[in-house]
Amino acid sequence: MALSASSPSSSFLRGSFSSHELKAPWIHSVRLLDQCSVLRDSYCRKFLVKPICAKQKISDSVVPLAATLVAPEVEDRIETEDYEKLAKEMEQASPLEIMDKALEKFGNDIAIAFSGAEDVALIEYAKLTGRPFRVFSLDTGRLNPETYQFFDTVEKHYGIQIEYMFPDAVEVQALVRSKGLFSFYEDGHQECCRVRKVRPLRRALKGLRAWITGQRKDQSPGTRAEIPVVQVDPSFEGMDGGVGSLTKWNPVANVEGQDIWNFLRAMNVPVNSLHSQGFISIGCEPCTRSVLPGQHEREGRWWWEDSKAKECGLHKGNIKQEEVAQLNGNGNGAEPTNESDRVTDIFNSQNLVTLSRSGIENLARLENRREPWVVVLYAPWCRFCQAMEESYVELAEKLAGSGVKVGKFRADGEQKAYAQQELQLGSFPTILFFPRHVASPIKYPSENRDVDSLMAFINALQ
C-alpha cells in the first residue's frame, strides 16, 4: 500500500506564469518546506506547510507515510455533510474541480488509489491542482512485470515515492497450500481477491478519512452505471471507525474512457505498456487478458465468470444484487434469496468456532459456562459484516489461548427469525458476549468494530 505526497506544481498554468522549483533538505525521508506559493486556476493561493520536527509514529492500523511534502493540516474535527447533495451539486463538475475539492477538504487524510492502469490520470489531475497529494497501491504479488515497471516510471515522472500494502503472508500461504495457486478458476475469484486485495485495502483505509478512485460509469454497465462523483463508502470504514466514517471520491465517474485517453495523450502522461498489447482493464496477471476490438474492457477481467460478478471486492458496494439493505431496528430488510447460498463465507480462521443452530442454542441455555464466549451473528453477503472481517479474525488471534472462545453464527435465511427472537439480532453484524456466570448474553452496543474497541468490551466483562 502506498501513500505519497507530491510537491505543489503550477505546470498547468505554464502559459501565464513561470514555474518555480522548490528545493528543501530531506530529513527522515520527509521533505521540509517552510512555505509554498501555489498557483491555482486563474489566481494565486498561498498556504503554509508546517515542518515535521520528529519522526512519524507508525501504527499497524495506519498506512505509513512516504511523503515528499506533508499536506496541509486539517482541523481535528468531524464534519457532518450531506454527500448525496454534494454529489448532485458536483455532477457537472470537471475531474479537476472534483479532485481539487477532495484534496482541499481532506488534506493529508485522503489518498489516491492507483492500480497501474489508466487511473494514472488521477495523479495527473492531482498534480494540476497544485495541492500536495498522497498515492497508494496494492501489490497482490501477482501483477504483470509491465505493471511493476510502470510503477517505477510513474514514481520518476511525478517525483513521488509509492509504498505498497501487501497481503498477509500467512493468509496467502494458507490459501495456496489448501487450494493451490489457481483455485479461482474453479471456485470463483472472490476468495483470492479478498486475501490479496480487499483485506490489505481495508487495513490501508483505516488510516484515512477518504480515498480517490478511478471508477467510471462506462467501465461496467452492470456494476458501475450509477456511481456518484462522491459518496459515503458503502463497504469500508475509515480511521474514525463505524459505518459512514469513510468518503469515496470518483472524479472521473462521468468521463468516458476515450476522453481519459485523449487527456493522457494531451498531457504526455506515461501509461502501462500492456495497453498497447490490447489490455484495457488491468489487474493481476492470471486474471487479466487482452480484449478484441469491439469487446468491452471488463471482458478481459475474470473472463471465465458471469459478467455480474466482475468486481474484486474493492468496489463491491456497486453490485446491486449484493447491496442488500442492512436490517433495521425492527429486523426488516431485504435479503438475497438465490444468491445467499452461493456467497463465499467469511470469518474463516482456525481460531474461530463455527456454531450450528444447536450449538448456539446450547450456549445460550447454559447458566454456568466453563469459558466466556464472544460470538458474531452475521450474514456473509452483508457489506458491514465483510467490513469487520479482518478485525474480528484478528480479535480471535489475540484471544487464542486466553480462555475466551470466539465464535460465529450465520443468522440469515432460515435462522434469522430465531436470531431476532432469541439472540437480540437487530442488524448485521450483531456481537454478543456470553459471560461465564451470567445466563443472558450481553450485546455489544457500539458501531466501532476495530480490534481495540472489541477488546475493551470483552476485558470489561470477563
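- To the nearest 0.5 angstrom, Met239 atom CE is 4.5 Å from Arg209 atom CZ.
- The local environment of NZ in Lys88 is sparse, with at most 12 non-hydrogen atoms from other residues, nucleotides or ligands closer than 6.0 Å.
- Judged by distance alone, with hydrogens and angles left aside, the side-chain atoms of Gln231 form no donor-acceptor pair with the main-chain N or O of Trp249 at under 3.5 Å.
- Considering all non-hydrogen atoms of both residues, Ala411 and Leu377 come closest at CB-CB, 4.0 Å.
- You'll find the side chain of Glu118 stays beyond 4.5 Å of the side chain of Val271, heavy atoms only.
- Between the side chain of Arg202 and the backbone N or O of Gln386, at least one donor-acceptor pair lies under 3.5 Å.
- Side-chain contact between Arg194 and Thr344 is present, with heavy atoms from C-beta onward closer than 4.5 Å.
- Checked by atom type, the side-chain pair Asp119/Thr213 shows no donor-acceptor distance below 3.5 Å.
- In this structure, CG on Leu352 lies 8.5 Å from CG on Asn348, to the nearest 0.5 angstrom.
- Note that CZ of Arg410 and CZ of Phe428 are 9.0 Å apart. Values are rounded to the nearest 0.5 Å.
- Looking at Lys206 and Glu237, a side-chain N of the basic residue comes within less than 4.0 Å of a carboxylate O on the acidic one, giving a salt bridge.
- The aromatic rings of Tyr83 and Phe106 lie parallel to each other, their planes meeting at an angle below 30°, with 60° marking the opposite boundary.
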Steps toward side-chain contact (heavy atoms from CB on, under 4.5 Å) verdict (Tyr392, Val406): CA-CA 9 Å; Tyr392 195 71; Val406 182; 3.5 Å; yes
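- Counting all heavy atoms, side chain and backbone alike, Val195 lies closest to Pro200 at O-CD, 3.4 Å.
- Considering Ile160, Asp152, Val154 as possible partners of Lys156, the one that fulfils the side chain to side chain contact (heavy atoms under 4.5 Å, CB included) test is Asp152.
- For the pair Pro445 and Phe457, the minimum side-chain heavy-atom distance is below 4.5 Å.
- With hydrogens and angles ignored, the 3.5 Å screen pairs a side-chain donor or acceptor of Tyr444 with a backbone N or O of Asn448.
- For the pair Val376 and Ile431, the tightest heavy-atom approach, listed with the atom from each and the gap, is CG2-CG1, 4.2 Å.
- Of all the heavy atoms in Leu122 and Gly214, the pair that sits closest is CD1-N, 3.5 Å.
- One N or O on the side chain of Thr288 and one on the backbone of Cys284 form a donor-acceptor pair closer than 3.5 Å.
- A distance-only check finds a donor-acceptor pair linking the side chain of Asn272 to the backbone of Gly116 [under 3.5 Å].
- Remark: Ile282 CD1 to Leu274 CG distance equals 4.5 Å, nearest 0.5 Å.
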side-chain contact (heavy atoms from CB on, under 4.5 Å) evaluation trace for Leu128 with Met267: CA-CA 11 Å; Leu128 295 179; Met267 303 304 294; 4.1 Å; yes
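- For Glu155 (side chain) and Ile162 (main-chain N/O), a donor-acceptor pair under 3.5 Å exists by modelled atom type.
- In plain terms, the two heavy atoms of Ser391 and Val451 that are nearest each other are O-CG2, 3.3 Å.
- Just one of Asp345, Asp412, Thr430 meets the side chain to side chain donor-acceptor pair (under 3.5 Å) condition when paired with Tyr378; it is Asp345.
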For Leu201 and Trp211, what are the C-alpha separation, side-chain angles and deciding distance, and is it a side-chain contact (heavy atoms from CB on, under 4.5 Å)? CA-CA 11 Å; Leu201 177 66; Trp211 63 310; 3.9 Å; yes
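- The environment of Glu256 atom CD is sparse: at most 12 non-hydrogen atoms of other residues, nucleotides or ligands sit within 6.0 angstrom.
- Ser137 places a side-chain N or O within 3.5 Å of a backbone atom of Phe114 that can act as its donor or acceptor partner.
- Between Phe384 and Pro429 there is a side-chain heavy-atom pair separated by less than 4.5 Å.
- Salt-bridge annotation for Glu394 and Arg203: absent, with no side-chain N of the basic residue lying under 4.0 Å from a carboxylate O of the acidic one.
- Here the straight-line distance linking atom CD of Glu447 with atom OG of Ser427 works out to 7.5 Å at 0.5 Å rounding.
- Contact check on Lys179 versus Glu191 returns a salt bridge, with a Lys/Arg side-chain nitrogen under 4.0 Å from an Asp/Glu carboxylate oxygen.
- Under a 4.0 Å N-O distance rule, the pair Glu124/Lys127 qualifies as a salt bridge.
- Heavy-atom neighbours of Glu89 CD from other residues, nucleotides or ligands within 6.0 Å: above the threshold of 12.
- Counting only distance, with no hydrogens or angles, the side chain of Asp168 and the backbone of Glu171 share a donor-acceptor pair below 3.5 Å.
- Across every non-hydrogen atom of Val255 and Pro95, the tightest pair is CG2-CG, 3.6 Å.
- How far OG of Ser245 is from CZ of Phe236: 12.0 Å, rounded to the nearest 0.5 Å.
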Before giving the answer on side-chain contact (heavy atoms from CB on, under 4.5 Å), spell out for Cys287 and Phe184 the whole-Å C-alpha distance, their side-chain angles and the decisive distance to 0.1 Å. CA-CA 9 Å; Cys287 304; Phe184 40 83; 3.8 Å; yes
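- By the 30° and 60° cut-offs, the orientation of the rings of Phe263 relative to Tyr125 is parallel.
- By the 30° and 60° cut-offs, the orientation of the rings of Tyr148 relative to Phe151 is perpendicular.
- Taking the side chain as every heavy atom from C-beta outward, His275 and Trp261 approach each other to under 4.5 Å.
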